[in-house]
Protein chains: 2
Amino acid sequence: MRKLPSQLLKGSLEGALLQILASQESYPYEIHQALVTAGFGEIADGTIYPLLLKLERSGQIQGERRDSPNGGPPRKYYHLLPSGQAALADFKADWAQLEAAMNQLGGK
Amino acid sequence: MRKLPSQLLKGSLEGALLQILASQESYPYEIHQALVTAGFGEIADGTIYPLLLKLERSGQIQGERRDSPNGGPPRKYYHLLPSGQAALADFKADWAQLEAAMNQLGGK
DNA sequence: TTCAACTATCTTGTCAAGCAAGGAAGTGTC
DNA sequence: GACACTTCCTTGCTTGACAAGATAGTTGAA
């Protein structure tokens, strides 16, 4: 699995986070693993936290701290708010357009 | 045609430029139009010039000034160099991975 | 004849976001 | 006692798209 250049990830990661939280609530450590598993390459974990804080501050997601079931440090679970749902829809439209534009060039 | 958020374009535009120049030599003004036509949204023309200069300085493309056939200002035609061809191949692999990762999340 | 629209190139400063590097702390294993 | 894993978080750096603006030639309309 190749490590993607950071510039290419810009903007995409925010949408990816919303996408993950749309299907289930999750916490940063798990989200990070989900991104790597999905194929985004090795994302720095220092990337995830500021992004989540930004989304929380802007009212798109909400966090809640809960004890870990396996005795580890407590986790901060995030879930999507309506505003985040709308932002996700926007992102999906943006992404679809970018994807289409890229394929347009490649197919020529 | 929606204007894509600038952050989402980061990295993608560089690949798009290489892609365009891979199929035919071109000059900035035409490249800009090609991007808009392909569906990348309204790209600022101030974005194209620094990008091309960077690619030229790094030896991926080469420019050559020629008179415009329609009597307008002279154009600077760029064509792809071998190093640019290789960079394009890299970009394509990166893009394919990102696309796959995104679809992976969406399909869940 | 002047004014807008189009073609064409280029520079400077700003801003957003991913990353590297680091810190903190608990649990379990060898 | 050391290492690996889980879990959270911050600071400063760098990159690249953009806004704004400068320059200049051609053409067609008012």
Side-chain angles (χ1 to χ4, degrees), chain A residues 3-18 25-36 40-58 60 63-78 87 91 94 98 101, chain B residues 3-18 25-37 40-58 60-61 63-78 87 91 94 98 101:
Chain A
K3 176 168 162 59
L4 294 177
S6 60
Q7 295 300 327
L8 196 54
L9 288 172
K10 295 214 173 174
S12 308
L13 279 187
E14 184 171 331
L17 286 202
L18 292 173
E25 64 169 11
S26 188
Y27 53 99
Y29 187 82
E30 190 184 49
I31 292 172
H32 179 246
Q33 288 178 104
L35 289 173
V36 174
F40 286 89
E42 294 175 22
I43 311 290
D45 74 307
T47 298
I48 308 292
Y49 293 94
L51 230 181
L52 286 167
L53 287 178
K54 178 195 141 203
L55 290 175
E56 186 172 32
R57 271 189 240 106
S58 68
Q60 299 185 33
E64 178 197 356
R65 196 172 297 271
R66 277 185 237 153
D67 286 339
S68 167
N70 64 9
R75 300 169 177 169
K76 191 164 176 192
Y77 280 90
Y78 286 97
F91 170 75
D94 287 339
L98 179 60
Chain B
K3 176 168 162 58
L4 295 176
S6 60
Q7 295 301 326
L8 195 53
L9 289 173
K10 297 215 170 174
S12 308
L13 280 187
E14 184 171 331
L17 287 202
L18 292 174
E25 63 169 12
S26 188
Y27 52 99
Y29 188 83
E30 192 184 47
I31 292 172
H32 177 246
Q33 287 180 105
L35 289 173
V36 174
T37 301
F40 286 89
E42 293 177 21
I43 310 290
D45 75 303
T47 298
I48 308 293
Y49 293 94
L51 230 181
L52 286 168
L53 288 178
K54 178 194 142 203
L55 290 176
E56 187 172 30
R57 270 189 242 108
S58 68
Q60 298 185 34
I61 64 176
E64 178 197 357
R65 196 173 297 272
R66 278 185 236 153
D67 285 340
S68 167
N70 63 10
R75 300 168 176 170
K76 190 164 176 191
Y77 281 88
Y78 286 98
F91 170 76
D94 286 340
L98 179 60

Rounding to 0.5 Å, atoms CG (B:L52) and CD1 (B:I61) come to a distance of 4.5 Å
Quiz prompt | Residues B:R75 and B:E30 bridged, charged N to O under 4.0 Å | solution =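 No, no charged N to carboxylate O under 4.0 Å.
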Between [N] and [X], is there an OP1 or OP2 to side-chain N/O distance shorter than 4.0 Å?
X     : N      : result
B:S6  : D:dC18 : no
B:R65 : C:dC10 : yes
A:Y49 : D:dT10 : no
A:Y29 : D:dC8  : no

Rounded interatomic separation in angstrom, taking [atom1] from [X] and [atom2] from [N]:
X     : N      : atom1 : atom2 : answer
B:Y27 : C:dC10 : OH    : P     : 14 Å
A:I48 : D:dT11 : CD1   : C1'   : 17 Å
B:H32 : C:dC10 : NE2   : P     : 15 Å
B:L51 : D:dC18 : CG    : P     : 10 Å
A:E14 : C:dA17 : CD    : P     : 6 Å
B:I43 : D:dG16 : CD1   : P     : 15 Å
A:Y78 : D:dT7  : OH    : C1'   : 12 Å
A:D94 : D:dA17 : CG    : C1'   : 15 Å

| request: Report yes if the side chains of A:L9 and B:L98 come closer than 4.5 Å at any heavy-atom pair, otherwise no. | output: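 Result yes, sub-4.5 Å side-chain heavy-atom pair found.
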Open item on the list: Measuring only between side-chain heavy atoms, which start at C-beta, is B:L17 closer than 4.5 Å to B:L35?
Closed with: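 SC-SC contact between B:L17 and B:L35 confirmed.
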Sorted by position of nearest nucleotide on DNA chain D, 5' first, the leading residue of B:K54 and B:K3 is B:K54
Taking for B:D45 and for B:P50 the nucleotide of DNA chain D with the nearest heavy atom, the one nearer the 5' end belongs to B:P50
Heavy-atom nearest nucleotide on DNA chain C taken for B:Q33 and for B:T47; more 5' hit belongs to B:Q33
Given D:dC8, D:dT15, C:dT7, the nucleotide with the shortest approach to the side chain of B:K10
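Selected nucleotide (nearest to the side chain): D:dT15.
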Does atom CD of A:Q33 have more than 12 heavy-atom neighbours from other groups under 6.0 Å away?
-> yes
